[in-house]
Amino acid sequence: MSNDLTRRTVLRRAAAAGLLATPAAGLLSACADSGSDEPTNTNTAGGAVSATNPLGAPEDQPINVVIFNGGYGEKYATDVHEPLYKKAHPKSEVKHQSSQAIATLVQPLISGGNAPEFVNNSGDKMMDFGALVADGQLQDLTALFDAPSVDDPSKKVRDTLVPGTIDAGSFNGKPYVLYYVSTVYGIWYSGKLFADKGWKPASTWSEFTALCEEIKKAGIAPYAYAGANAAYYQWNIILTSAAKIGGADVLKNIDNLEDGAWKVDAVKQAAEAWAEIGAKYNLQGAEGLKHTDVQLKQNQYQLAFYPSGDWLENEQKKDTPEGFKYQLLTTPSVTTSDKLKSTALRAAAGEGYVVLAKSKNPKGGLEYMRQMLSKAGGKGFTETVKAPTVVQGSTEGLSFTPGIQSSQDALKAAGQEVFNLFFDGWYKDLDKEARTATNELMFGRIKADAFVERIQKKADEIKKDSSISKFKR
């Protein structure tokens with residue numbers, strides 16, 4: 001088998017559809033009567049296969065669920081998805097664990113032959129998806145996507161999801177990862193602060209730098225990102241600007257390890273522009289702060305702009321003062337000849353969930369996923385964490401918080417100019433190098449030329465290393 005991994009590009013509008021609250025026509029009907037005259041078949045590798053248990057999950061075996069306790073917390077699992085599974089399979093015990101260091105918790109369990117069934121693999125200390133696939137640790141999700149949906153048995157699970165969801169988690173044409181949460185990335189600010197100060201969001205670079213000057217004169221730090229954990233949010237912002245300058249293929253070429261992809265003018269120009277922001281407008285001491293520390297500064301009105309995904313509002317809900325009103329700013333146009341408009345943005349199905357193939361009850365893990373892909377599972381998640389999922393129709397009748405509504409409005413304004421990138425999940429060493437180089441750039445130790453040279457060198461090393469599986473889109 002080829003070592004090349006193919007992860008198909010999610011259709012541009014697929015990412016958008018997952019975030020828009022507008023219900024699609026002809027979606028799931030009410031659940032049919034679960035009582036059925038269909039014959040029950042016995043699957044010797046699992047439990048009894050029936051209309052209500054199409055994947056053959058053993059009714060009397062437990063499932064172990066591990067959740068990343070980060071921006072979305074764990075209540076959506078304990079209060080929504082796990083109760084849905086228990087209701088459908090009351091004899092099966094759900095054993096719950098959560099962690100902010102998934103690899104640290106789960107990898108020893110895999111090595112010891114005690115792999116959990118279901119894992120939310122996310123965060124800075126997540127496991128390498130590509131390595132897990134290559135090692136045969138992940139369950140092929142084809143059976144799940146071909147199974148009858150919980151809400152309408154006449155429809156397969158795959159037909160109830162935002163188009164492109166399955167492809168986003170596919171490797172060599174087979175689905176191994178469920179990306180469940182639709183996410184929009186950009187720069188965040190307080191609507192209250194801006195209203196109180198009379199500041200207007202910027203769409204051009206000259207407007208943005210002029211606004212930063214005004215904010216600085218008001219005694220507030222205009223911009224910051226977390227240097228202590230070299231958060232990827234900033235290289236994401238730099239590459240978003242690069243895509244606007246040179247077009248979305250700039251990111252595709254970076255993902256595909258094309259020769260010189262990091263050294264094109266679009267990336268250099270974006271790096272130069274953001275290096276200026278770092279030099280003139282960065283929060284003092286930000287290099288020594290973690291992301292939560294910087295986010296708290298923003299909630300305390302000591303900071304105006306902060307780059308992140310739209311999980312930010314939920315992550316900060318305990319520290320956000322009343323009336324703060326998170327709002328999304330798309331990265332301003334850097335040049336007057338940018339190929340994409342200032343409204344263009346990065347959006348994607350994110351937050352990866354997997355079933356471990358060598359666990360004791362993988363069919364239970366698949367059934368757990370089927371329950372979370374029900375309308376109740378999607379709606380409950382959104383009600384709990386205020387973020388939409390890839391389950392079509394699950395946002396019907398829901399209202400959103402200011403931040404999520406802002407991101408949906410921005411996504412709608414982006415139209416067809418929605419893009420994504422994947423190299424950070426494909427090549428951990430390249431992601432690490434990009435983070436380190438970004439710190440060097442944003443805190444003034446290197447210039448844009450050295451920034452792109454450094455990351456390009458690492459990309460070239462990876463491309464030439466035959467021991468590393470190469471990914472393509």
Side-chain angles (χ1 to χ4, degrees), residues 2-16 18 129-130 163-173 177 179 182-186 232-271 274 309 330-331 333-335 337-350 352 411 414-431 433-435 437-438 451-452 455-464 468-473:
S2 168
N3 283 331
D4 287 347
L5 174 154
T6 300
R7 183 177 183 173
R8 301 169 189 163
T9 306
V10 180
L11 298 176
R12 289 178 178 178
R13 291 302 293 162
F129 283 118
T165 299
I166 297 173
D167 285 344
S170 292
F171 297 71
N172 290 329
V177 182
Y179 288 102
S182 291
T183 304
V184 175
Y185 299 85
Y232 73 88
Y233 317 143
Q234 185 56 41
W235 66 243
N236 168 53
I237 291 295
I238 293 172
L239 290 186
T240 296
S241 290
K244 291 187 178 185
I245 295 169
D249 278 353
V250 169
L251 306 185
K252 182 178 179 181
N253 292 338
I254 285 174
D255 286 343
N256 290 345
L257 300 177
E258 298 289 348
D259 292 341
W262 283 92
K263 295 169 68 175
V264 298
D265 286 343
V267 180
K268 287 183 184 179
Q269 286 179 292
W274 284 103
T330 56
T331 55
S333 299
V334 175
T335 76
S337 57
D338 283 6
K339 289 189 176 181
L340 301 181
K341 296 188 290 291
S342 65
T343 51
L345 50 75
R346 180 191 176 195
L411 187 60
Q416 296 296 316
E417 294 187 339
V418 177
F419 48 81
N420 198 11
L421 51 83
F422 300 108
F423 81 89
D424 57 317
W426 289 351
Y427 308 109
K428 280 202 167 185
D429 285 347
L430 187 56
D431 173 42
E433 191 70 5
R435 294 180 187 224
T438 299
F451 170 81
V452 297
I455 307 176
Q456 185 64 60
K457 182 180 178 181
K458 176 57 68 174
D460 292 342
E461 289 175 4
I462 291 171
K463 184 174 182 177
K464 293 175 183 177
I468 300 174
S469 296
K470 304 305 187 294
F471 306 170
K472 200 81 172 176
R473 72 177 176 106

Working to the nearest 0.5 Å, report the span between [atom1] of [X] and [atom2] of [Y].
X	Y	atom1	atom2	result
L421	I254	CG	CD1	8.0 Å
D460	W262	CG	CH2	12.0 Å
K458	L257	NZ	CG	12.5 Å
L251	N420	CG	CG	8.5 Å
I238	K268	CD1	NZ	15.0 Å
T343	K244	OG1	NZ	7.0 Å

Next on the checklist: Between N256 (side chain only) and K472 (backbone N and O only), is there a donor and an acceptor less than 3.5 Å apart?
Outcome noted: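 Here the side-chain-to-backbone pair does not exist.
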Checklist entry - Do E417 side-chain atoms and K341 backbone N/O form a donor-acceptor pair below 3.5 Å? => result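 Checked: pair present.
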Contact summary for [X] and [Y], nearest pair of heavy atoms:
X	Y	result
D338	V334	OD2-N, 3.0 Å
A344	F419	CB-CE2, 4.0 Å
G415	V418	O-CG2, 3.6 Å
V267	A261	CG2-O, 4.0 Å
A270	A242	CB-N, 3.6 Å
A414	L345	CB-CG, 3.9 Å

Checklist entry - Would you call K252 and F422 a side-chain contact if the rule is heavy atoms closer than 4.5 Å? => result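 No - every pair of side-chain heavy atoms lies 4.5 Å or more apart.
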Item to check | Side chain proximity check, F423 to I462, heavy atoms < 4.5 angstrom | outcome: no
Checklist entry - What do you reckon, is NZ of K339 surrounded by more than 12 foreign heavy atoms closer than 6.0 Å? => result no
Checklist entry - Does K463 pair with D259 as a salt bridge, N-O distance under 4.0 Å? => result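 Between D259 and K463 there is a salt bridge, with a charged N closer than 4.0 Å to a carboxylate O.
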Checklist entry - Less than 6.0 Å separating the ring centroids of W274 and F451? => result no
Checklist entry - Taking R346 as the fixed residue, which of N236, T240, T331, T330 is the one that meets the side chain to side chain donor-acceptor pair (under 3.5 Å) rule? => result N236
